[in-house]
Amino acid sequence: MADRDGIQEGKNFYLDQKSDNKSFHVKGMEHCDWGMKHRLSRIFNPESGRTVMLAFDHGYIMGATSGLERLDIAVPPLAEHADVLMATRGALRSCISPTFDKAVALRVSGGSTVLQDDMSLEYFMVNMQESLRMDAACIAIQTYIGSKNEAQTLRNLNEAVNQGNQYGIPVLGVVGVGKEMERTSKFFLTAVRTVAEMGAHIVKTYYCDDFEKIVAACPVPIVVAGGKKIPEKDALELAYNAISKGAAGVDMGRNVFQAEDPVAMIQAIRKVVHEGKTGEEAYKFYMETKKS
Ligand code: 5RP
């Protein structure tokens, strides 16, 4: 049985040894079934092995947040530059044409909004029939490890994985951070690994110190969240650092749709993720491309 005291922290992450995917381009997914792999291949480009997800699921917690006041105006111009659209069913149905062929990461957990002091209580809300009806390439479940609702959110995750495995739908486990929760690499190492071991096929987390260790210790691909809006140059550096330290993609929201020029920003992010550009090169592209 694991003890709380005397835990020996992980030391050897074999950072000099890349994890070796022999027969499939998505880390840790070699032994999955065809349908699961087919969906994962819509998320992670088979050429680059990476993905650019556009997150615009903020309304389920924040309401009409800045940049997303009008989904029908804000999202369509960005969507064509994303590999995956991460959203709630309500947002997708209202602002994306079903003729538009992009992978969907469907937000299926919810239960708290910014009107609560503590937003960590979530449930697995959207059933699998609805996710199939929405043609989800994966379903996204929030976890709050370290919060008082940790067990509830891990139960949600496990239930989603049980059902996802039954239907061949990958689960994107999101590592949430509450206002009083730590954001140290020690926290992310624990949270990311827990989410992966519960069976999530993809983990979404934040960038942090020692990120390469977190990637090494995570047996499945990591996509990095952008978090609160920061200057465009810094957001592109963050994306570059995450990718160069082993992230399989980014899943950014506010740093795209709150940018001065959101379309130029998502195009610049693609340069980092799929074309191997540095943060500096991508920022130069952004400045040259953005409308003044
Ligand atoms: C919440 C989420 C959101 O999709 C994500 O945080 C939004 O992206 P960003 O932080 O880049 O605005 O998963 O936990």
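Order of listing sets the numbers, starting from 1, for every ligand and every atom in it. Along the sequence shown, residues are numbered consecutively beginning with 1.
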Asks: Give a yes or no on this: more than 12 heavy atoms of other residues, nucleotides or ligands lie within 6.0 Å of atom CD of Glu30.
Replies: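 Buried by this count: over 12 neighbours within 6.0 Å.
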Asks: Restricting to pairs with a member in residues 207-228, which pass side chain to side chain donor-acceptor pair (under 3.5 Å), not counting sequence neighbours?
Replies: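 Listed once each, the pairs are Tyr207-Lys245.
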Asks: Check each protein residue for a heavy atom under 4.0 Å from ligand 1 and list those that pass, ordered by chain and number.
Replies: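 For ligand 1, the contacting residues are Ala55, Asp57, His58, Met86, Arg107, Gln142, Val174, Lys204, Tyr206, Gly226, Gly227, Asp251, Met252, Gly253, Arg254.
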Asks: Does His274 form a side-chain contact (heavy atoms from CB on, under 4.5 Å) with Arg50? I'd like the steps, not just the answer.
Replies: CA-CA 7 Å; His274 289 305; Arg50 295 187 184 143; 4.1 Å; yes
Asks: Does Lys277 make a cation-pi contact with Tyr240 (under 6.0 Å, within 45 degrees of the axis)?
Replies: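 No.
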Asks: Heavy-atom distance under 4.5 Å between the side chains of Arg107 and Ile141, does that happen here?
Replies: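 Not touching, per the 4.5 Å side-chain cut-off.
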Asks: Just checking, is any N or O donor in the side chain of Asn162 or Gln166 under 3.5 Å from an acceptor N or O on the other one?
Replies: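 Judged by distance alone, the side chains do not pair up.
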